[in-house]
There are 2 protein chains.
Amino acid sequence: MSTMMTDSETTEARGAPLPSVRRLPLYLNVVRALRDSGREMVSCTHIAEELQADPTQVRKDLAITGITGKPKVGYDAVELIEAIEVFLGWNNISDAFLAGVGNLGTALLGYRRFENLGMNIVAAFDSNQTKVGRTVEGRKILPLSRMTNLASRMHIHIGVLAVPASAAQTVADQMVEGGILAIWNFTTARLNVPSNVIVERADFSQSLAALTSRLKRTLKS
Amino acid sequence: MSTMMTDSETTEARGAPLPSVRRLPLYLNVVRALRDSGREMVSCTHIAEELQADPTQVRKDLAITGITGKPKVGYDAVELIEAIEVFLGWNNISDAFLAGVGNLGTALLGYRRFENLGMNIVAAFDSNQTKVGRTVEGRKILPLSRMTNLASRMHIHIGVLAVPASAAQTVADQMVEGGILAIWNFTTARLNVPSNVIVERADFSQSLAALTSRLKRTLKS
DNA sequence: TAGATTGTTAATCGATTAACAATC
DNA sequence: TAGATTGTTAATCGATTAACAATC
């Protein structure tokens, strides 16, 4: 079974390369802008130029969505947008729950661009009694104790975790209990979840580490 | 010059592997917690277990900081923390400017953990006259028009960009003009900056893409 | 001492880049 | 048609993982 596996079978088995997946939103952003400016066909060369990337890499990345282009002309912009959106699951908006309406949680509630990213935060939860009942960014804050039940009743798949690190595991457990399958973790805590539950880290420290370590090199030279 | 380059020379030339650099904050977080709980020595095995990572990888990653450990016992926790902080440039707090005090900018202003990440946002700027003069999270919002001048007078190196995408390039230009050397870009815009200026992307879409594409696979199976 | 862990070298793996035939 | 671009295969590159001697 191992040696006889074809390329498409292995891709099927482990999914597309994560680096490629992470680049797709960049392409999507560029192609949407080009479409909005009236362009019908876009080539990898063009996208790559815009992003200062390698055209071959762009082509390989786009290939994971299954799109096919036309030699000499490129890809149909509308088709390409659709292909990326479908691949990422952004063609249908997914409802999500937010836990933790502090500074960051409030910002996430107000982040309008999520609709371009296939996500919609439909409810926000907090354990702080003084916050519960208040309306933030058009959504009423509900008590955290109601999250599990509501998640399972509403068949929510995505949980956005923006609570203090000390509460992260407890709240994550409640999300899992409510049937949530993917946790977008904005805390610094590591989460223990069943193997079928996805955790995607979104904490700032890793990005900042890349910035400051490079800056340190700049300053030394 | 190419074939005769030693390993340390190439490392010097292109810096440590970026994936390793990005993992350092995770280790730092774990080791700080262990130190706070009274532990003096920590081993890679232990750190790896905590993070569900590979011990060999942890050891290699830590090696880029220059720390040396003791066989059988591991690393001195305090030394290790110091080594990571120094490597990342987090041992001395760097002052930073924030441009754009919207939802996200406000959250960043209120993000207390930056002090653990070697950064301090010392001033916030916005072009919106109704925001200017207001105090947010203890800092008075200044007019964007003053940013360039202040950045150069205060020798600010880090600019946090949280303005609308449409203004991103203009504000980035102003940051560069003010002598800022590293831009932490929270917008979706691609920035054109001189080659000596560092841009680190911090927009959510790439992380969310990783989450939703994996979720889509989960739901299909 | 014995055994666990470090530091380092070698092997593997996967992602990026290059090459090139097919084609609109 | 000629030339640009696709799709795909091969080569390169870098990161991860494995192996193992050194050592506290």
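Below, chain A is the first sequence line, B the second, and so on; all start at residue 1. Everything numeric in this text was worked out from a predicted model, so none of it was measured.
When the side-chain nitrogen and oxygen atoms of B:R23 are compared with OP1 and OP2 of D:dT16, one or more of them lie within a distance under 4.0 Å.
Minimum heavy-atom separation, B:T188 to B:R201: O-NH1, 4.4 Å. Nearest heavy atoms, A:A162 versus A:L108: CB-CD1, 4.4 Å. Of all the heavy atoms in A:V73 and A:S43, the pair that sits closest is O-CB, 4.2 Å. Here the shortest heavy-atom pairing between A:M119 and A:I158 reads SD-CG2, 4.1 Å.
Going from atom CD1 of A:I64 over to atom C1' of C:dA15 covers 12 Å, rounded to whole Å. Rounded to whole Å, the distance from CD1 on B:I47 to P on C:dA4 is 19 Å. Counting to the nearest Å, the P atom of C:dT6 and the CD1 atom of B:I67 are 11 Å from each other. Between the CD atom of A:E49 and the C1' atom of D:dA4 there is a distance of 13 Å, given to the nearest Å. Rounded to an integer number of Å, the gap from A:R22 CZ to C:dA15 C1' is 15 Å. In this structure, the NZ atom of A:K72 is 7 Å from the P atom of D:dT5, given to the nearest Å. One can place CE of B:M41 at 12 Å from P of C:dT5, the figure rounded to the nearest angstrom.
Residues B:V73 and B:S20 each lie close to DNA chain D; by heavy-atom proximity, the contact nearer the 5' end of the strand is made by B:S20.
The distance between the ring centers of B:F204 and A:F186 falls below 6.0 angstrom.
Between B:E50 and B:R39, no side-chain nitrogen of the basic residue sits less than 4.0 Å from a carboxylate oxygen of the acidic one, so the salt-bridge criterion is not met. Between A:R35 and A:E40 no salt bridge is recorded (no basic side-chain N to carboxylate O distance below 4.0 Å).
The side chain of B:P71 lies closest to C:dT6, out of C:dT23, C:dT6, D:dA4. Of the candidates D:dT6, D:dA22, C:dA15, the closest approach to any side-chain atom of A:S43 belongs to D:dT6. With distances taken from any side-chain atom of B:C44 to the nucleotides D:dC24, C:dT6, D:dG7, the minimum falls on C:dT6. For B:T45, taking side-chain heavy atoms from C-beta onward, the closest of the listed nucleotides C:dT6, D:dA15, C:dG7 is C:dT6. Listed nucleotides D:dT5, D:dG7, C:dG3 differ in distance to A:Y75; the shortest reach to its side chain belongs to D:dG7.
Applying the side-chain hydrogen bond (donor to acceptor under 3.5 Å, both in side chains) test to residues at least two apart or on different chains, the pairs with a partner in residues 62-85 of chain B are B:R32-B:E85.
Residues from residues 54-63 of chain A with heavy atoms under 4.0 angstrom of DNA chain D, sorted by number: A:R59, A:K60.
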Pairs counted only when both distances fall under 3.5 Å, Watson-Crick or G-U: show me the 5' to 3' dot-bracket for DNA chain D, [ ] for pseudoknotted crossings and | for other-strand partners.
..||||||||||||||||||||||
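B:D61 and B:Y27 form a side-chain donor-acceptor contact under 3.5 Å, judged by distance and modelled atom types alone.
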